[in-house]
Amino acid sequence: MEQALPDPERRLQPATLEPLGHPDAGLESAVGEEAEGARDEGPGDGTMMENNFWLKKIEISVSEAEKRTGRNAMNMQETYTAYLIETRSVEHIDGQSVLTDSLWRRYSEFELLRNYLLVYYPHIVVPPLPEKRAEFVWHKLSADNMDPDFVERRRIGLENFLLRVASHPILCRDKIFYLFLTQEGNWKETVNETGFQLKADSRLKALNATFRVKNPDKRFTELKHYSDELQSVISHLLRVRARVADRLYGVYKVHGNYGRVFSEWSAIEKEMGDGLQSAGHHMDVYASSIDDILEDEEHYADQLKEYLFYAEALRAVCRKHELMQYDLEMAAQDLASKKQQCEELATGTVRTFSLKGMTTKLFGQETPEQREARIKVLEEQINEGEQQLKSKNQEGREFVKNAWADIERFKEQKNHDLKEALISYAVMQISMCKKGIQVWTNAKECFSKM
Amino acid sequence: MEGECRAPQARSSGLPAGGGGGESPGGDAPLPGSSGSSALLQAEVLDLDEDEDDLEVFSKDASLMDMNSFSPVMPTSPLSMINQVKFEDEPDLKDLFITVDEPESHVTTIETFITYRIITKTSRGEFDSSEFEVRRRYQDFLWLKERLEEAHPTLIIPPLPEKFIVKGMVERFNDDFIETRRKALHKFLNRIADHPTLTFNEDFKVFLTAQAWELSSHKKQGPGLLSRMGQTVRAVALSMRGVKSRPEEFMEMNNFIEIFSQKINLIDKISQRIYKEEREYFDEMKEYGPIHILWSASEEDLADTLKGVASCIDRCCKATEKRMSGLSEALLPVVHEYVLYSEMLMGVMKRRDQIQAELDSKVEALTSKKADTDLLTEEIGKLEDKVECANNALKADWERWKQNMQNDIKSAFTDMAEENIHSYEQVLG
């Protein structure tokens with residue numbers, strides 16, 4: 001469903017990068033709204049704010065997946081999967097939901113959305129997408145992206161992503177996100193028109209900053225270590241879990257062979273026959289029970305994977321801080337050296353090596369007028385530099401404050417979600433044991449009747 | 001349910017003493033302790049009088065049945081054995097206790113071998129003392145088995161563990177292998193002791209009691225190598241002829257053995273595979289738990305939950321370990337023993353067929369040659385008896401074996417199920 005441009009009343013604007021320090025748009029107001037939003041208190045899937053798109057409670061679901069063929073940028077035929085996104089608004093009074101929007105998106109469009117959010121909200125821990133390719137597979141799972149099980153799990157992951165963005169107090173207000181849900185055609189162009197790709201920090205710059213920064217906020221350094229540890233431990237865990245699942249599958253399935261052989265054997269036995277036959281049946285039940293068990297476990301693995309990818313999002317925020325801090329330090333350094341130059345010129349002492357100093361020595365002193373001119377230029381530059389430094393400092397502080405607020409929010413979310421996931425994993429194991437007890441009790445009864 | 005001693009009834013007409021039935025002249029042979037009370041002992045015990053018929057037959061042809069020159073003049077009919085035992089002792093009372101333990105390695109210039117200590121405790125009169133301790137090596141067990149097979153070609157002799165397992169063995173004498181073998185040898189001797197006929201075999205007694213040098217000299221006596229070879233040649237020649245008319249019940253038996261052998265072999269493979277998979281599962285689980293502990297080190301709120309999960313995984317590990325040891329100690333050896341039994345059974349069937357084939361060939365000779373009819377007839381008569389004995393012995397033993405098998409398999413699998421239940425309960429607890 002195509003929608004016209006949003007109602008001018010609705011205060012949706014992409015938080016742009018430059019005016020971060022500006023008081024009237026973007027961050028400050030967003031923070032203000034965030035505070036209001038928090039007070040308003042709503043359930044996870046949409047904040048309720050007046051003058052806000054989320055006027056009523058909304059529900060987002062990724063309800064279907066469909067295989068499609070089309071032509072790609074190089075005019076070659078390709079197959080891809082498209083996902084149906086449905087948005088419903090729920091009327092307060094009678095609780096019925098009305099379908100307001102529904103459109104199809106493919107995975108690459110989700111990626112585009114996320115990359116956009118990363119650029120425009122560097123202080124936010126942006127929710128991750130489900131994995132692009134199947135990893136941590138064990139032998140029964142397919143690594144094929146077209147495999148129906150994989151597609152199903154991805155569908156759930158994409159829905160989860162949208163819900164997380166929609167329930168984030170700041171991200172939910174983004175116009176591009178709104179359009180993602182409502183404007184099928186032309187969305188890509190709209191995103192690209194924001195020019196966000198140009199505004200993205202280059203990887204190289206970020207890497208450079210990471211190595212060279214002298215005084216990053218200690219909390220961010222710790223956070224970076226934490227995210228490294230989290231990533232390494234979760235990926236290790238997922239790997240071993242996949243192997244464990246593989247082995248468990250083997251144990252259960254081999255028992256199924258008993259079923260077949262018992263059944264054949266029972267044909268020649270007179271007294272043992274019945275017992276063997278029914279015991280064999282229970283062996284079959286046992287062997288087939290593992291499929292459901294492991295399917296549930298896969299869901300648990302996906303929950304862990306989300307936080308594996310969240311670790312990367314955490315690191316992105318840390319990198320941004322380091323970049324800003326490095327920028328600040330460079331600016332300060334630059335300013336300091338200019339001041340010194342100025343001082344030297346004014347006092348006539350040469351303490352630092354400079355090319356000008358050398359040439360002056362070689363080719364003779366410059367005229368006082370020349371010197372005055374240079375001093376003036378430098379003083380202008382110093383003024384500018386001081387202004388810039390001041391605003392950079394403020395930017396930096398704002399960033400740290402806002403980023404840390406979101407990080408706290410994230411920590412709470414993480415602890416809550418992971419605890420739930422671990423508990424549900426334990427519940428799964430318990431149910432598996434109970435099933436096992438039941439099957440073997442039945443089998444034992446059959447055996448004893450032989 | 002078929003009683004174990006029913007088989008000879010097929011032969012006799014079921015009439016009381018003096019009644020015809022069967023080829024043998026009726027008569028009273030001295031049966032120690034024979035009285036009417038025996039008939040009351042157990043439902044399975046046959047009428048005494050019928051035993052007398054059997055006895056006649058057997059004592060007439062003792063030389064054919066019993067090639068063991070050292071055997072005392074004791075009837076070797078399984079039925080009379082059962083009756084005898086039941087008279088002298090209370091039913092089901094064991095009077096022969098054997099243990100096999102203490103494997104020891106002996107190194108000589110030529111070879112290295114293992115001997116096992118065998119302790120026998122008995123209250124039987126025919127043994128000189130009540131306790132014996134000897135050392136035997138695998139070769140000695142082989143000898144014993146061969147002797148038993150010769151003496152009782154159609155009885156089901158318990159199987160010996162294999163000579164050596166070819167695949168997956170680095171050296172012949174690793175500890176697991178020795179222990180498995182020791183247990184199997186222990187079972188072997190005890191099964192012989194529990195067998196109503198075999199338990200009184202003279203070679204068995206010598207095996208249990210003689211000192212090393214006595215055993216060697218005893219071994220040298222008995223049918224020589226040449227005569228044994230001669231028998232084998234004849235046997236092979238006969239088996240070439242094929243069995244023309246195998247009685248119905250033996251056809252069934254053969255059929256059963258074939259299918260049983262197939263299935264038990266499969267079950268052996270499956271059980272081994274399960275053990276292997278569980279072992280690999282265990283190995284992975286061992287690594288799984290500690291990861292959670294590692295993770296808990298970098299978390300605050302989640303630490304307790306993570307540690308909890310880790311301890312559950314540990315419990316899982318322990319339960320799996322216990323399950324595996326249960327498998328390897330109970331189920332796997334039993335299943336494997338019956339794999340060997342099924343091979344043994346095929347051998348028994350062959351031997352029975354051979355005996356019958358011998359008879360058949362002579363009958364053929366009689367009908368075709370018509371020469372030396374008297375001699376042939378006499379031979380045929382003997383052979384017929386032989387066949388008769390063989391068949392009956394087999395049938396009796398067969399029932400007994402089946403019963404045992406049923407019980408063994410049943411308890412093995414029931415125990416396994418029990419183990420599995422326990423292991424799940426342990427994890428839940």
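Within every chain, numbering begins at 1; the chains are lettered A, B, ... in the order of the sequence lines, protein sequences first and strands thereafter.
Note on ring orientation: taking the six-membered ring where Trp is involved, the planes of A:F410 and A:Y307 are tilted (angle from 30° to 60°). Ring planes of B:F260 and A:W265: perpendicular class, angle over 60° (limits at 30 and 60°).
Between the side chains of A:D406 and A:H168, a donor-acceptor pair is found at a separation under 3.5 Å. Under the 3.5 Å distance criterion, with hydrogens and angles disregarded, a donor-acceptor pair is assigned to the side chains of A:H236 and B:E287.
The greatest number of non-hydrogen atom pairs below 4.5 Å with chain B, out of A:V439, A:V254, A:L230, is found for A:V254. Chain A forms the most heavy-atom pairs under 4.5 Å with one residue out of B:E252, B:E300, B:E299, B:R273, and that residue is B:E299. Per-residue heavy-atom pair counts under 4.5 Å with chain B were compared for A:I234, A:N442, A:L422, A:L237, and the maximum is reached by A:L237. When each of B:I259, B:L266, B:T305, B:I274 is checked for heavy-atom pairs under 4.5 Å with chain A, B:I274 comes out on top.
Within the 4.5 angstrom heavy-atom criterion, atoms from both the backbone and the side chain of A:H255 approach chain B. When heavy atoms are compared at a cutoff of 4.5 Å, A:Y258 approaches chain B by way of both its backbone and its side chain.
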(message) Under the criterion side chain to side chain donor-acceptor pair (under 3.5 Å), I'd like the reasoning laid out for A:Q277 against A:E264: C-alpha separation, chi angles, the key distance, then a yes or no.
(response) CA-CA 8 Å; A:Q277 177 90 322; A:E264 290 166 3; over 6 Å; no

